[in-house]
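Note sheet for the following structure.
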Amino acid sequence: MQRFGHWLVTPWRRSLVAALAGALPVLAFPAPSLWWFAYVALVPWILLLRTAPTGRRALYDGWCGGFGFMLAMHHWLLPNLHVFTFVLAALLGALWAPWGWLVRHFLAGTPGPARIAAALAVLPSGWLLVELVRSWEGLGGPWGMLGASQWPVEAALRLASVGGVWLLSFLAVALNVAVATLASIRSARVPAVAGLVATATVTSAAWVWSPRPDTEGRTRIAVVQPGVIQGAGSGDRRFAAEERLTRELIGQDLDLIAWGESSVSFDLTRRPDLATRLAALSRETGAGILVNVDARRADKPGIYKSSVLVGPDGLTGARYDKMRLVPFGEYIPARSLLGWATSVGEAAGEDRRRGSEQVVMQVGNGLRVGPMVCFESAFPDMSRHLAEDGAEVLIAQSATSTFQQSWAPEQHASLAALRAAETGRPMVHATLTGVSAVYDPSGQRVGSWLSTSTSTARVYDVPLAQGTTPYVRFGDWPVQAALLIMAAWCVGEGVRTLRVRRPAPGPRVPLARTTHESPARPGR
């Protein structure tokens, strides 16, 4: 241990260890999917941060750990963005620098019970605020939130219906802080164990209290996944493959057929032949077809990605234009400054245009669906708003063909489980090339995933649910609670600082009296 501590004296070695420690949580996500590892994955990073010799070094260790976490979580971008992946990881990693300082502030040395108790509330709150900031679309969105690693755990999905993925992240960080405290500070074992017991109690109470979705009826939805189709004329060849697979669904008594993102590469008003073929498919299968058009529009300038509903009579007019675009993949932020990214990777040559509002579509048989496109399924607020607006089924149309051999398809498909559990609404994740998946209103898998090697059309019998989850009703209340905790701590620190700086009043000294002696009188 002493040798290891001596080894860390070298700044660059300490930075390397911090980056490796920060990268560990990625093992809790698909494809490894070691979900239980999320409860201890932060411990090595926390132990390193608490031993930082100065607050400045803790800031730097927090930054390095954040860099490692972001790079590991987005490593599959390297073949496309190349060196720019490192630039993005370094910029986003800086968000964890203040968190690193907080860890040292609370856990350095031998903290007392009061400081440990405060750490169990403030450190998870600080982590949650980091996730809140990086959830902004312009910074890449909420891909890889720590709580999202718990997508296959039934108990965690139940908690997600109460406080969303935010609550799961908060609890996971709190557990990591308690374990790190138990492992490194003997005198703090009592408050650390108390923190673990409190976390378990709150979790159990939420488990018992959280309402279960009331299933009511079912709907039959088909997903068409054509597989990887590239090369010259890929747009027409992909459409022909999707058309062939859709015809296999005739006689299946369907309510909706969902195609993946960019399943149609032409504006259907410019290609009425394709619109006519889609309408014929709708008549033959007896179901509406939700396609996704990635093309330059005829009625507006620019390229849009749009979910378009086609019925037996052709285009129904129901359309949703993607609102949240993938940075660098679909647009370049501050293109005048960062446009050089197109020369070092496969960044967007032309910015896609944004939609202005979410849409709930009537797709037939009284079924109301809320479409999202690609990584919009990572944003919990979008699915929550669709549920509020009356969507009975959430649908995400996606395409991850660029990253077929990476962890990205599995990571993306897992997000739908959380969105379903949060809203109490089933969710369909339909992709061009896999992984496609369907989840029931509690976030449990319906049927099997369609892997990246599969080309097929699959029918899912999807249960519907009624009622409103606490998360849909109350929104992102864990984030608001974290803000209040951080504000209260900042006020407390400010008051404490003022008390320290104010000079203590000295002892009272009685006023000195000056005696003026009278001159001696003669004769005395």
Side-chain angles (χ1 to χ4, degrees), residues 14 18 21-22 42-43 45-66 69 92-136 146 163 166-167 169-196 198-199 202 476-506:
R14 187 180 181 93
L42 299 180
V43 171
W45 190 10
I46 293 172
L47 294 179
L48 181 71
L49 290 167
R50 71 176 293 268
T51 62
T54 64
R56 182 175 181 180
R57 182 66 231 187
L59 287 167
Y60 196 67
D61 289 345
W63 186 359
C64 291
F69 180 60
L92 293 174
L95 294 173
W96 275 271
W99 189 76
W101 183 91
L102 276 176
V103 172
R104 180 183 182 275
H105 175 80
F106 281 99
L107 300 182
T110 308
R115 186 167 291 274
I116 294 297
L120 290 170
V122 175
L123 295 183
S125 297
W127 183 281
L128 222 60
L129 296 190
V130 173
E131 291 196 337
L132 174 65
V133 173
R134 79 177 183 89
S135 293
W136 178 48
L146 188 61
W166 307 103
L167 180 58
S169 288
F170 186 98
L171 294 174
V173 176
L175 287 172
N176 276 272
V177 172
V179 172
T181 302
L182 283 171
S184 61
I185 308 170
R186 291 184 179 180
S187 61
R189 287 180 177 176
V190 172
V193 170
L196 288 173
T199 302
V202 171
D476 299 328
W477 63 265
V479 176
Q480 298 165 4
L483 286 168
L484 288 175
I485 290 171
M486 292 302 296
W489 174 75
C490 289
V491 170
E493 285 294 301
V495 171
R496 191 176 297 108
T497 301
L498 288 175
R499 287 178 178 174
V500 170
R501 290 182 178 179
R502 184 180 299 168

- Residue pair Leu42 / Leu146, side-chain heavy-atom distance below 4.5 Å: yes
- Looking only at heavy atoms, what is the nearest atom pair of Pro478 and Gly163, with distance? CG-O, 3.4 Å
- Task: Quick one: list whatever passes side-chain contact (heavy atoms from CB on, under 4.5 Å) with Val130, sequence neighbours left out.
- Result: Leu95, Trp96
- Residues in side chain to side chain donor-acceptor pair (under 3.5 Å) contact with Trp127, at least two apart in sequence or another chain: Glu131
- Listed partners of Pro98 passing side-chain contact (heavy atoms from CB on, under 4.5 Å), at least two apart: none
- Name all residues meeting the side-chain contact (heavy atoms from CB on, under 4.5 Å) criterion together with Ala482; count only those two or more places apart in sequence or in a different chain, and write none if there are none. Ser125, Leu128, Leu129
- Task: Please list, chain by chain and in numerical order, all residues satisfying salt bridge (charged side-chain N to carboxylate O under 4.0 Å, His left out) with Arg115, sequence neighbours excluded.
- Result: none
- Query: Where do Pro111 and Ile116 come nearest, in terms of heavy atoms and distance?
  - Reply: CG-CD1, 3.5 Å
- Those residues that, when tested against Trp489, pass ring pair (Phe, Tyr, Trp, His ring centres under 6.0 Å) (two or more places apart): His105, Phe106
- Note on the structure: Note: Ala180 and Ile46 closest approach over all heavy atoms is CB-CG2, 3.7 Å
- Taking only residues two or more places apart in sequence or in another chain, which ones pass side chain to side chain donor-acceptor pair (under 3.5 Å) with Glu493? Arg496
- Message: I'd like to check Trp99 versus Leu49 (side-chain heavy atoms, cut-off strictly below 4.5 Å). Are they in contact?
- Response: yes
- Query: Of all residues at least two apart in sequence or in a different chain, which pass the side chain to side chain donor-acceptor pair (under 3.5 Å) check with Trp63?
  - Reply: none
- Item | Which residues share a side-chain contact (heavy atoms from CB on, under 4.5 Å) with Val179, sequence neighbours left out | Val40, Val43
- Item | Close side-chain approach of Trp166 and Leu132, heavy atoms under 4.5 Å | yes
- Query: Hey, what do you get for CZ (Arg50) to CG (Leu48), rounding to the nearest 0.5 Å?
  - Reply: 11.0 Å
Ignoring hydrogens and angles, write down the donor-acceptor pairs under 3.5 Å from the side chains of residues 53-62, residues two or more places apart or on other chains.
from  : atom 1 : to    : atom 2 : distance (Å)
Thr54 : OG1    : Arg57 : N      : 3.0
Arg57 : NE     : Asp61 : OD1    : 2.9
Arg57 : NH2    : Ser15 : OG     : 2.9
Arg57 : NH2    : Asp61 : OD1    : 2.7
Asp61 : OD2    : Arg14 : NE     : 2.6
Asp61 : OD2    : Arg14 : NH2    : 3.2

- side-chain contact (heavy atoms from CB on, under 4.5 Å) with Leu120: which of Leu175, Thr181, Val177? Val177
